[in-house]
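Structure, as structure tokens:
Side chains included, hydrogens not; waters and symmetry mates left out as well; all remaining heavy atoms used. Because the structure is predicted, anything quoted here is derived from the model rather than measured.
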Amino acid sequence: MVVPELRAWRAARPHVVRIARTVKPHAARVARAVRPRAVRWTTPQLTAVAATAGLALAAGVVTVAGPWDSTGQRTAERDWAASRVPEGGTDHARTSDTHRTSPRPAPSADSVLTGLGGASSAEGAPAAKGLAGVLDPLLANPALGSTRTAVVVDVATGKRLYGKGAEQVQTPASTTKIATAVAALAARGPDHRIRTRTVLEPDTKEVVLVGGGDPTLTARKPADGWADLATLAERTAAALKARHMDHVTLSYDTSLYSGPGLHPMGVNDNIAKVTPLMADEGRLDRSTSGPTGRAADPAAAAARTFADLLHDHGITATAPGPSKATSRSQALASVSSPPLSALVERMLTNSDNDIAEALARQVALATGEEPSFDGDAKAIRAELKKLGLPLAGARFADGSGLNRDDRLSADLLTALLAKAGDPAHPELRSVLTGLPVAGFTGTLSARYTDAPTATGVVRAKTGTLTGVNTLAGTVVDKDGRLLAFAFLTSDAANPPVADVARAALDHTATALVACGCH
């Protein structure tokens with residue numbers, strides 16, 4: 001028997017393939033980094049994938065590219081949905097086999113896939129009055145705190161449909177990462193790769209490990225497509241042996257960045273020292289995201305690990321110390337990160353502060369500003385100004401949003417999202433594809449579990465600091481329109497309960513999904 005969800009997917013597939021073909025060059029690049037696994041589909045999994053595909057299909061209306069596989073489905077989401085067998089899907093009725101903590105059923109495939117033609121639907125975009133009738137009461141929830149601003153934009157046209165304190169700037173918390181992502185992609189391009197290399201100083205036995213600013217460099221196995229120290233050590237050892245060298249002096253170079261490496265918030269489990277050389281973000285455990293203890297000097301720790309890896313390949317190295325490669329040094333080996341678009345996606349999905357600050361440094365390096373917190377801020381603002389974005393009152397103090405001195409408006413955040421969906425800016429697509437998916441990925445994986453209409457359909461960047469709760473992203477409404485939204489709330493005097501405030505914001509985004517609002 002062919003389930004309705006599969007029939008809907010098959011019906012939509014020719015359209016999806018057409019979209020995929022328009023972004024084939026990007027797809028090929030990402031496919032090399034994210035190879036799909038062979039999976040056996042169950043009915044709930046198929047439906048869950050159809051749900052997550054909904055926004056991608058709707059985004060296709062405005063030529064939103066992304067990491068598509070040959071069927072047009074986002075490879076990462078397909079694999080993720082297939083792996084979540086115990087976490088339910090869409091059977092539209094819980095059974096004894098469905099885990100109690102599972103997300104509630106997602107919408108049917110046919111209702112989500114209407115997003116494919118939604119931008120030209122007869123219903124048109126939601127009306128301002130209708131949106132106000134739905135959103136005003138929700139944003140008035142005292143659980144959100146004393147200050148609340150919001151904007152909703154129709155991505156296909158760029159038209160603002162709803163505004164509440166639209167130009168008022170607030171502390172955006174981690175939604176700042178949307179601005180960092182756009183600036184980095186605009187300055188460097190989605191295909192840019194960050195290189196970590198080794199060089200040999202002439203007439204010496206000094207090998208220098210040169211940090212290039214890759215925050216995703218790993219010392220773990222398997223490397224899962226990220227640049228890894230083990231490969232660099234193997235290549236370096238081979239180059240040294242070709243020179244008949246098996247004993248070297250090891251140094252490491254972090255001179256690419258300037259200014260203080262410690263974030264203004266101080267030592268904190270949410271971020272390592274910002275340095276152009278680190279492995280696994282200086283984490284002291286096996287985690288790959290979220291807060292955890294960090295090495296006091298991530299560069300020195302990475303260099304020590306590299307020395308051990310060289311030893312595994314027959315090269316004895318001294319205990320490493322800081323140095324700087326000279327212009328006369330000879331290249332030995334290098335490894336490169338995945339494309340910048342992949343780094344942006346990982347940063348947004350996991351709200352990764354280390355990647356965010358590294359991407360901010362990339363903006364500064366690309367534009368000739370000093371690669372420091374101050375220089376990054378100037379460079380990000382300059383890049384966004386080139387894109388014609390509304391920057392009145394905006395202030396950038398870092399790339400991650402951990403700094404409370406950041407100030408952004410709901411108007412700017414929605415403009416950033418709309419720009420990422422603009423057919424004239426395909427280089428920005430990974431800003432949309434990297435947003436966490438409600439009930440499925442990243443910082444939204446455990447949210448929206450009681451909102452079946454939003455599961456797989458809301459994609460949004462979260463933001464939380466004490467007294468600050470924000471949410472900015474995209475939804476497909478019930479008429480198939482792709483909408484960008486930003487909700488910024490705060491209360492310094494009486495900080496809201498974070499979990500309650502987040503739930504209120506999730507409820508507000510869910511209301512957009514169900515709202516035709518004509």
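The residues Asp376 and Arg361 are annotated as salt-bridged, a charged nitrogen and a carboxylate oxygen being separated by less than 4.0 angstrom.
The heavy-atom pair separating Ala364 from Glu370 by the smallest distance is CB-O, 3.7 Å. Contact between Asn469 and Ala501 at its shortest, heavy atoms only, is ND2-CB, 3.4 Å. Between Pro172 and Leu408 the shortest heavy-atom distance is CG-CG, 3.7 Å.
Side-chain atoms of Thr367 and Glu383 form no donor-acceptor pair, as typed in the model, at a separation below 3.5 Å. Checked by atom type, the side-chain pair Thr292/Asp285 shows a donor-acceptor distance below 3.5 Å. Counting only N and O atoms by type, the side chains of Thr218 and Asp228 include no donor and acceptor under 3.5 Å apart. For the 3.5 Å distance criterion, the side chains of Ser351 and Thr443 fail to qualify, holding no donor opposite an acceptor. In this structure, a donor-acceptor pair under 3.5 Å is present between the side chains of Glu357 and Ser400. Side-chain contact check for Asn268 and Asn270: at least one donor-acceptor pair (N or O, by modelled atom type) lies under 3.5 Å. A donor atom on one side chain and an acceptor atom on the other are not found under 3.5 Å apart for Ser372 and Asp374.
Residues Leu340 and Pro190 form no side-chain contact, since every pair of their non-hydrogen atoms from C-beta on lies 4.5 Å or further apart. Counting only heavy atoms from C-beta outward, the side chains of Leu384 and Leu416 approach each other to under 4.5 Å. Between His425 and Val431, every side-chain heavy-atom pair lies at or beyond the 4.5 Å cut-off. Looking at Phe485 and Leu417, their side chains never come closer than 4.5 Å, going by heavy atoms from C-beta outward.
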Candidate pair Arg447 and Leu444, rule side-chain contact (heavy atoms from CB on, under 4.5 Å), full reasoning: CA-CA 5 Å; Arg447 290 168 64 168; Leu444 290 187; 3.8 Å; yes

side-chain contact (heavy atoms from CB on, under 4.5 Å) assessment of Arg502 paired with Thr462: CA-CA 9 Å; Arg502 283 195 291 263; Thr462 58; over 6 Å; no

side-chain contact (heavy atoms from CB on, under 4.5 Å) evaluation trace for Asp352 with Glu281: CA-CA 10 Å; Asp352 193 299; Glu281 300 179 339; 2.7 Å; yes

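The only member of Asn403, Leu402, Asp405 that meets side-chain contact (heavy atoms from CB on, under 4.5 Å) when paired with Pro264 is Asn403.
Under the 3.5 Å distance criterion, the side-chain polar atoms of Arg459 are left unmatched by any main-chain donor or acceptor of Val437.
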